[in-house]
Amino acid sequence: MSSNREIVQAPGAPAAVGPYSHAVSAAGLLFCSGQIPLDPITNQLVGETPAEQARRCLENLQEVCAAAGTSLERAVRLTIYMTDLDAFASVNEAYGSFFGEQPPARAAIGVAQLPKGAYVEIDAVVAL
């Protein structure tokens with residue numbers, strides 16, 4: 001692999017549920033794999049609602065960012081995957097609490113299903 005690419009494993013984030021890294025840094029950016037709402041200690045799904053699950057996803061992404069020496073506040077783009085777009089307003093409220101006056105670019109996508117039966121998954125691209 002190229003020496004311009006570095007794998008990031010975040011000890012404070014849940015273990016990967018497949019053959020992927022928590023993130024890869026390259027070209028001054030951190031490309032974070034999607035996080036579902038897993039508790040980092042038990043690796044069990046948490047959150048009764050899509051909004052609660054979105055909060056856990058973002059907390060997991062914060063851990064991935066910290067392991068790479070950056071923070072979620074430096075995100076340039078996030079993608080939210082949801083199994084129920086009717087929950088968009090509540091997920092949006094939870095999401096908004098993580099970002100200040102200058103939030104990152106974002107896409108929200110409705111999907112049929114997510115790993116482990118999660119309602120929400122979020123990935124990110126973050127400046128280093």
Side-chain angles (χ1 to χ4, degrees):
M1 286 291 161
S2 168
S3 63
N4 296 329
R5 177 181 177 270
E6 184 178 328
I7 301 299
V8 175
Q9 293 297 340
V17 296
Y20 59 88
S21 303
H22 282 128
V24 175
S25 66
L29 295 171
L30 182 68
F31 298 87
C32 301
S33 293
Q35 288 288 318
I36 59 173
L38 295 178
D39 178 280
I41 296 169
T42 66
N43 233 32
Q44 296 299 308
L45 200 65
V46 296
E48 304 265 333
T49 67
E52 291 171 352
Q53 289 195 0
R55 178 169 292 285
R56 179 78 256 175
C57 293
L58 291 163
E59 290 168 354
N60 291 345
L61 283 168
Q62 285 178 321
E63 290 294 327
V64 173
C65 290
T70 190
S71 68
L72 192 56
E73 291 76 27
R74 294 181 49 83
V76 294
R77 173 148 166 100
L78 281 84
T79 305
I80 302 173
Y81 306 90
M82 299 172 48
T83 59
D84 181 6
L85 287 176
D86 287 339
F88 182 78
S90 64
V91 168
N92 200 42
E93 187 174 325
Y95 173 92
S97 71
F98 280 76
F99 302 101
E101 295 289 317
Q102 297 180 342
R106 180 187 75 188
I109 301 169
V111 297
Q113 193 173 3
L114 289 167
K116 295 194 173 229
Y119 302 135
V120 179
E121 179 173 354
I122 303 176
D123 66 23
V125 178
V126 182
L128 291 168

So for atom CD, which belongs to Glu93, do other residues, nucleotides or ligands contribute more than 12 heavy atoms lying within a distance under 6.0 Å? no

My understanding is that only residues two or more places apart in sequence, or in another chain, count here; which of them pass side chain to side chain contact (heavy atoms under 4.5 Å, CB included) with Ala89? none

Donor-acceptor contact present, side-chain Arg77 to main-chain Pro104, <3.5 Å: no

Does any non-hydrogen side-chain atom of Arg106 lie less than 4.5 Å from one of Ile122? no

Of the non-hydrogen atoms in Met82 and Ile80, which two are nearest, and what is the gap between them? CG-CG2, 3.6 Å

Identify whether Phe98 and Leu61 are in the same connected component of the hydrophobic contact network (ILVMFWY, side-chain heavy atoms under 4.5 Å). yes

Look only at the side chain of Gln53 and the backbone of Gly47, and say whether a donor-acceptor pair between them is shorter than 3.5 Å. yes

Any heavy-atom pair between the side chains of Leu78 and Leu58 that's under 4.5 Å? yes

Using the test salt bridge (charged side-chain N to carboxylate O under 4.0 Å, His left out), find all partners of Glu59 that sit at least two apart in sequence or belong to another chain. Arg56

Linked, directly or transitively: Leu85 and Val91 (ILVMFWY side chains, under 4.5 Å): yes

Would a distance-only check, ignoring hydrogens and angles, find a side-chain to backbone donor-acceptor pair under 3.5 Å from Arg5 to Ala26? no

Just how far is it from atom OH of Tyr119 to atom CG of Leu45, taken to the nearest 0.5 Å? 8.0 Å

When rounded to the nearest 0.5 angstrom, what distance separates CG in Asn60 from SG in Cys65? 11.0 Å

Examine distances only and state if a side-chain atom of Thr70 and a backbone atom of Ala127 form a donor-acceptor pair shorter than 3.5 Å. yes

Looking at Ile109, I want to see if its CD1 is surrounded by more than 12 non-hydrogen atoms of other residues, nucleotides or ligands under 6.0 Å. yes

Do Phe99 and Leu72 have side chains that approach each other closer than 4.5 Å (heavy atoms only, starting at C-beta)? yes

So, does His22 use its side chain to make a donor-acceptor pair with the main chain of Ile7 at under 3.5 Å? no

Quick check for you: to the nearest 0.5 Å, what is the distance between Phe31 atom CZ and Asp123 atom CG? 11.0 Å

According to a hydrophobic-cluster definition based on side-chain heavy atoms being under 4.5 Å apart (Ile, Leu, Val, Met, Phe, Trp, Tyr only), do Tyr95 and Phe88 belong together? yes

Just verifying a value: how many Å separate Ser33 OG and Glu121 CD, rounded to the nearest 0.5 Å? 9.0 Å

Find out whether Gln35 and Pro14 are in side-chain contact, i.e. whether some heavy atom of one side chain is under 4.5 Å from a heavy atom of the other. yes

Going from CG on Leu38 to CD on Gln44, what distance comes out if it is rounded to the nearest 0.5 angstrom? 8.0 Å

Interatomic distance, Leu30 atom CG to Leu128 atom CG [nearest 0.5 angstrom]: 5.5 Å

Show the nearest heavy-atom pair for residues Gly12 and Pro40, with the distance to one decimal. O-CB, 3.3 Å

What verdict does the side-chain contact (heavy atoms from CB on, under 4.5 Å) test give for Val126 and Leu29, after you've listed the backbone C-alpha separation in whole Å, the side-chain angles of each residue and the deciding distance to 0.1 Å? CA-CA 6 Å; Val126 182; Leu29 295 171; over 6 Å; no

Contact between Glu73 and Gln102 at the side-chain level, heavy atoms closer than 4.5 Å - yes or no? no

Non-hydrogen side-chain atoms of Ser21 and Val8 separated by less than 4.5 Å: no

